[in-house]
> 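Please see the structure below; I have some questions.
First the proteins, then the strands, lettered A, B, ... as listed; each starts at 1.
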Amino acid sequence: MTVPVTIRIQDADFDIAREIEALTRGRTDIGAVVSFSGICRGSEADQDIAALTLEHYPGMAEAEIQRHVDDALSRWPLTGLTVIHRVGRLVPGDNIVLVLTASAHRQAAFSAAEFLMDYLKANAPFWKREERADGSTWVEAHHRDDEAAARWEKN
Amino acid sequence: MTVPVTIRIQDADFDIAREIEALTRGRTDIGAVVSFSGICRGSEADQDIAALTLEHYPGMAEAEIQRHVDDALSRWPLTGLTVIHRVGRLVPGDNIVLVLTASAHRQAAFSAAEFLMDYLKANAPFWKREERADGSTWVEAHHRDDEAAARWEKN
Amino acid sequence: MKVKYFAWVRERIGLAEETVEPPAGVRTVGDLIDWLATRGDEYAHAFETPGVIRAAIDHTHVKPDMTIAGAREIAFFPPMTGG
Amino acid sequence: MKVKYFAWVRERIGLAEETVEPPAGVRTVGDLIDWLATRGDEYAHAFETPGVIRAAIDHTHVKPDMTIAGAREIAFFPPMTGG
């Protein structure tokens, strides 16, 4: 059976309940659903953040996410997968990203969600610009995100 | 600041969106929310399941979950935590359990959710009875759940 | 002391709880299981493989060698299958 | 060949995309960065620390030693910060 996969990059907010419902409605083979939502915080390293603006590489972002979704499907016995990444200007409290994974058992759902988030943080072509009181700067990549992504690399 | 914690054992279903909203409303210090929902499956080892009935030890179940929630709060920098476990008769597709974890960063939220689910599976005083075509039996504990719970033990 | 039973332990014994007064020689959780098992066929059936039975004293998991002195409520049940 | 720029690479150059015709000696992604950096102060600024610049050819991440032969679209951008 084909596993239902949703990948969207959008300005609009998402509705977690609706996305979970879309993944699970009418199914009785799903025992575990993990959702990860990433949210815009109001401060970073003790500096207030007024807003984040997210830029992406259209075409490449979708293709790269699809490639990593396919990788997740080959690694774990999943019964459904959703990745939604917002772009544009977001203020503290706004949703940024949603990853949903469904499986018969919890470990596959947890692992696949962590794998996809580690990928999105370190290697998906998105860039964040922060607006603070003292101006606006591009967020620097974190070494810890590279390390988190590297733990999934195959030998 | 006190971290908001919700622990409920109930017959009624839960609403994931409402629980996430309760944990995040008005907050700008949350960067990551992980939700795990456990769902009643329609088959187990190729046998159809008509229903699950969940029994618990009132008093001990709440106290034990609270103790593990406190442990999670001491291990990871969380900004909110919700555990809801249903009891009574559930049919395939019904929600069984919800664990929600909120944190500034994703790794704490993922780890705490996995920790609490591993605990609930192996050591929380709940018991499942399965109704199948050939009768009704108590679900046997899985060795793999004991192993999953054991990986969090402190030396 | 109050004793509670859950899941198939409860079903086999046919009681969810009862109050018992074990004799003085019954000092540990394991002793209590052995003594309960002598109280009738239902009890013998419930406790036929003592190694599989889990116990809690006053809402805390305990091992068979734990003393029952001072316990208000002791519960017996199979391995947990929640979540 | 089409070249795209994102985030601060785009801001420094002042262009989101352009079509360039590099000379024949420009064979790899690294060569292309070196050549682009000579096209003006904005470019020099954008590519002042080439080691930090990431590149993609036709939507696939590539290293600086990758050939640009046959590429339709090459993109340059800083390390990604999504999620």
Side-chain angles (χ1 to χ4, degrees), chain A residues 14-21 23-45 48-50 52 79 91-107 109-111 113-118 120-121 142 144-145 147-148 151, chain B residues 14-21 23-45 48-50 52 79 91-107 109-111 113-118 120-121 142 144-145 147-148 151:
Chain A
F14 47 78
D15 179 332
I16 299 177
R18 183 182 305 172
E19 300 300 334
I20 292 179
E21 169 75 7
L23 217 54
T24 58
R25 191 188 303 119
R27 307 277 301 249
T28 58
D29 58 335
I30 297 175
V33 176
V34 169
S35 94
F36 176 92
S37 23
I39 300 170
C40 178
R41 280 180 296 125
S43 66
E44 175 70 55
D48 284 351
I49 293 170
L52 279 184
T79 52
V91 297
D94 280 354
N95 287 317
I96 301 173
V97 61
L98 176 69
V99 167
L100 280 187
T101 55
S103 178
H105 298 287
R106 72 186 183 286
Q107 203 50 61
F110 271 122
S111 296
E114 287 201 62
F115 167 79
L116 286 168
M117 279 310 306
D118 285 346
L120 289 169
K121 283 273 174 185
H142 287 294
R144 67 164 183 266
D145 287 327
E147 286 173 345
R151 70 195 163 119
Chain B
F14 47 78
D15 178 333
I16 299 177
R18 183 182 304 172
E19 300 301 334
I20 292 179
E21 169 76 8
L23 217 52
T24 57
R25 191 188 304 117
R27 307 277 300 250
T28 58
D29 57 337
I30 297 175
V33 176
V34 169
S35 95
F36 177 93
S37 24
I39 300 170
C40 177
R41 280 180 294 127
S43 67
E44 175 71 55
D48 284 351
I49 294 169
L52 280 183
T79 52
V91 298
D94 280 354
N95 287 318
I96 302 173
V97 62
L98 176 68
V99 167
L100 280 188
T101 54
S103 177
H105 298 287
R106 72 187 183 286
Q107 202 49 63
F110 271 122
S111 296
E114 287 201 63
F115 167 79
L116 286 168
M117 278 311 306
D118 285 346
L120 289 170
K121 282 273 175 185
H142 287 293
R144 66 164 184 266
D145 287 327
E147 285 174 346
R151 69 194 163 121

> Give the member of Ala32(B), Ala102(B), Ser43(B), Ala17(B) that has the highest number of heavy-atom pairs under 4.5 Å with chain A.
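Among Ala32(B), Ala102(B), Ser43(B), Ala17(B), the one with the most close pairs to chain A is Ala32(B).
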> Is it true that atom CZ of Arg151(A) has more than 12 heavy atoms of other residues, nucleotides or ligands lying nearer than 6.0 Å?
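Yes, CZ of Arg151(A) has more than 12 neighbouring heavy atoms, counting only those of other groups under 6.0 Å.
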> Among His105(B), Arg25(B), Arg144(B), which residue forms the greatest number of heavy-atom pairs with chain A at distances under 4.5 Å?
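Option with the top pair count is His105(B).
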> Once rounded to the nearest 0.5 Å, what's the spacing between atom OG of Ser35(B) and atom CD1 of Ile20(A)?
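Between atom OG of Ser35(B) and atom CD1 of Ile20(A) there are 4.5 Å.
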> For chain B, find which of Gly93(A), Ala109(A), Ala113(A) contributes the most heavy-atom pairs closer than 4.5 angstrom.
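Of the candidates given, the most pairs with chain B belong to Ala113(A).
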> Rounded at 0.5 Å granularity, tell me how far OG1 in Thr28(A) sits from CG in Asp94(B).
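So the OG1 of Thr28(A) and the CG of Asp94(B) are separated by 11.5 Å.
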> What's the spacing between Thr24(B) OG1 and Asn95(A) CG if we round to 0.5 Å?
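The CG atom of Asn95(A) is 8.0 Å from OG1 of Thr24(B), to the nearest 0.5 Å.
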> Quick one: which of Ala148(B), Gly26(B), Gly31(B), Cys40(B) has the most heavy-atom pairs under 4.5 Å with chain A, could you say?
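Looking at each option in turn, the highest pair count goes to Gly31(B).
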> Please flag which part of Ile30(B) lies under 4.5 Å from any non-hydrogen atom of chain A: side chain, backbone, both or neither.
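When you check distances to chain A, atoms from both the backbone and side chain of Ile30(B) fall under 4.5 Å.
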> Is it the backbone or the side chain of Asp118(B) that comes under 4.5 Å from a heavy atom of chain A, or both, or neither?
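Its backbone and side chain both get close to chain A.
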> Calculate, to the nearest 0.5 Å, the distance between atoms CD and CG belonging to Gln107(A) and Asp145(B) respectively.
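Between Gln107(A) CD and Asp145(B) CG, I get 10.0 Å after rounding to 0.5 Å.
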